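Structure, as structure tokens:
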Amino acid sequence: MRWFLLGVSTKLKPQSFRPLMSQVRVRFAPSPTGFFHIGSARTALFNWLYARHTGGVFILRIEDTDKERNSERFLQLIYDSLTWLGMDWDEGPKPDGKGERGDFGPYRQSQRGAIYEDYKQKLLAAGRAYEKDGAIWFKLLGERYRVFDDHRKKEVEKVKCEPVVIDDKIRGRVERMEDEDFVIFRSDGNPVFHFVNVVDDITMKVSHIIRGEDHLSNTSKHVRLYEGLGVTPPVFAHIPLILKSPEMGQGKMSKRDKGALIEEYQQRRFLPEALVNYLALLGWNPGDDREKMPIADIVRLFDLPGVNQSNAKFDPKKLAHLNMAYLLEQPAERFIALAKAYFATQPNAGAALADDGYFREVMALAQPKIKGLEELGGYTVYFFAEDFPVDEKVKAKVMTKGDPKARLGELIAALAGFDFSSDIAIEEGLKALAAKNGLGFGDYQAVARLAVSGTNVGPSITGMFRVLGRDRVQRRLEKFLVTLPG
RNA sequence: GUCCCCAUCGUCUAGCCCGGUUAGGACACCACCCUUUCACGGUGAGAACCGGGGUUCGAAUCCCCGUGGGGACGCCA
């Protein structure tokens with residue numbers, strides 16, 4: 001508790017000391033026991049936003065006291081996910097896991113045993129903790145009595161005391177009774193969550209605890225612990241939870257739910273800024289009708305009082321929509337880079353081997369059309385392979401209209417005379433052909449598109465022709481023609 | 001079972017604090033327009049104040065009670 005004494009001793013110079021004392025220090029404290037959950041990401045985000053908004057410090061602390069379930073793989077996943085989402089931390093383990101930065105470490109609880117031991121001794125010495133059944137319990141102050149607990153089906157000892165009052169930045173005043181001693185060190189000697197959480201927040205000088213509402217009922221324990229340790233608790237802000245969308249069922253999002261893991265969005269090539277933007281909107285809004293916003297604007301506008309009190313249901317469709325909007329506005333260079341990264345992970349991707357200039361042209365056609373990078377492979381197959389799939393449903397539909405076979409023949413015959421130098425030139429060629437035969441552009445467009453791409457979904461026929469080139473178009477048209485009956 | 005939190009369109013939400021709005025926006029859905037397919041885009045439609053009591057001239061807004069939803073009740077975090 002040295003900082004506490006320090007605060008008192010520097011009382012003579014409150015002005016100069018104030019900036020340091022009032023600096024916001026928030027932390028995100030995940031445990032590496034599973035995949036990185038979307039709810040965790042949102043909690044991290046709100047902490048990060050608050051730190052950046054206030055010019056404070058964002059701390060990453062690893063709560064790895066559960067030796068059974070910890071894994072290095074999940075630990076690395078935390079670093080990677082935060083980094084991918086663009087949430088940098090000022091103190092904590094370095095993103096590569098090698099070493100730490102910050103003056104209040106270690107930042108992994110597994111390395112803070114001596115500190116917990118120290119604080120345990122303090123409580124023991126003060127008579128606020130005792131041993132029972134090999135474990136160390138925190139002792140509440142007040143008159144004791146025994147009562148049968150229906151839920152746990154056993155008699156328990158309770159303590160008569162005043163309710164804990166929590167002044168929550170988001171919930172307002174919350175009162176909760178904390179009337180049972182609780183374990184702070186297990187009989188195996190390891191400290192439990194409530195204790196390490198509080199000790200770490202004290203020693204790391206955390207000023208604001210921003211966490212999920214599921215912790216609200218733990219907070220009374222934590223407040224008692226702060227009191228027992230003689231420390232004023234930090235500011236609490238309990239944010240609403242993310243619930244399943246109606247299609248997914250009831251309750252809060254769990255790891256098993258589709259779309260619950262950050263890893264999934266990374267694999268599906270979502271843009272991290274779109275995901276972050278969406279997550280920010282779950283339980284917060286800028287106060288006007290804006291939804292799609294650069295992160296700098298979110299940082300500037302974000303504040304704790306603006307956070308909602310009610311839980312929000314996760315909507316994959318809205319996320320997808322935001323993602324599309326972001327994708328649409330990417331500069332060509334970034335889109336190309338994203339596309340290259342995507343194709344590098346695709347099996348049998350002719351795209352990865354394609355000529356760079358050609359690849360760029362194809363991507364220029366695809367960018368304004370696709371809704372997500374994950375569609376890129378399917379959307380562009382026929383640009384990179386001759387054995388592209390043919391959509392039989394589309395084929396059946398196209399073949400019933402007019403006389404597509406005749407149109408195809410006419411087009412093949414006329415193609416040699418086409419000017420392939422630009423979309424407009426190709427369009428003129430097609431229009432001239434249609435006019436000559438007293439028909440419309442669409443009469444040729446539908447069947448040509450089918451023959452060349454195997455589907456009715458895609459870029460403009462002119463752009464498609466131009467990029468594919470006359471020879472390939474010609475070959476595909478002829479190849480398709482011979483498969484037609486009669 | 002006990003305790004805590006929450007409650008506006010299907011979903012995210014504005015409005016609530018400081019009572020008077022045709023209760024606004026977005027996603028989704030539907031229609032139409034644009035169009036050379038498919039998208040994007042544009043226009044429009046449908047869609048909500050959980051219920052009941054109070055207070056008030058007047059309640060989405062303030063109060064109470066129900067109900068509903070969520071969370072917590074571990075030697076997990």
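Just so it is clear, the values below take in all heavy atoms, side chains as well, and ignore hydrogens, waters and symmetry mates. Note that the structure is predicted; figures quoted are calculated from it, not measured. Throughout, a chain's letter reflects where its sequence line sits, starting with A, and its residues are numbered from 1.
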Think [X] has a side-chain N or O under 4.0 angstrom from the OP1 or OP2 of [N]?
X: A/Asn218; N: B/rA72; answer: no
X: A/Gln309; N: B/rC5; answer: no
X: A/Arg186; N: B/rA77; answer: yes
X: A/Thr65; N: B/rA77; answer: yes

Aromatic ring proximity [X]/[Y], centre distance under 6.0 Å:
X: A/Phe35; Y: A/Phe74; result: yes
X: A/Tyr278; Y: A/Phe314; result: yes
X: A/His222; Y: A/Phe193; result: yes
X: A/Phe302; Y: A/Phe46; result: yes

- [ ] Consider only side-chain N and O atoms of A/Gln474 and A/Arg470, and report whether a donor and an acceptor are under 3.5 Å apart.
- [x] no
Open item on the list: Could you check whether A/Asn323 and A/Tyr265, counting side-chain N and O atoms only, form a donor-acceptor pair closer than 3.5 Å?
Closed with: no
So [X], base contact, sugar-phosphate only, or nothing? Heavy-atom distance under 4.0 Å.
X: A/Arg290; value: nothing
X: A/Gly458; value: base
X: A/Ala312; value: sugar-phosphate

I need the [X] [atom1] to [Y] [atom2] distance, nearest 0.5 Å.
X: A/Ile115; Y: A/Thr203; atom1: CD1; atom2: OG1; value: 5.5 Å
X: A/Asn308; Y: A/Leu282; atom1: CG; atom2: CG; value: 9.5 Å
X: A/Phe270; Y: A/Leu327; atom1: CZ; atom2: CG; value: 10.0 Å

Please determine, for [N], whether a Watson-Crick or G-U wobble partner exists with both distances under 3.5 Å, and give it or none.
N: B/rU2; answer: B/rA72
N: B/rU37; answer: none
N: B/rC27; answer: B/rG10

Task: Under 4.0 Å protein heavy-atom contact, by nucleotide of nucleotides 41-51 of chain B - B base, S sugar-phosphate only - done: -----------
Task: Anti/syn call for B/rC64, syn if |chi| within 90° - done: anti
State whether the distance check finds a donor on one side and an acceptor on the other, under 3.5 Å, for side chain [X] versus base [N].
X: A/Lys317; N: B/rC27; answer: no
X: A/Ser187; N: B/rC75; answer: yes
X: A/Lys371; N: B/rA39; answer: no

Open item on the list: As a test of reading the structure: which of B/rG71, B/rU36, B/rC12 is closest to the side chain of A/Lys318, going by heavy atoms?
Closed with: B/rC12
Open item on the list: Can you check the distance between B/rG52 and B/rA26, where both ends of the measurement are the P atom (answer in whole Å)?
Closed with: 31 Å
Task: Short N-O contact, A/Lys139 and A/Glu157, less than 4.0 angstrom - done: no
Please list each protein N or O that sits under 3.5 Å from an N or O in nucleotides 63-70 of chain B, with the distance.
unit_1	atom_1	unit_2	atom_2	d
B/rG70	OP1	A/Gly251	N	3.2
B/rG70	O2'	A/Asn311	ND2	2.9

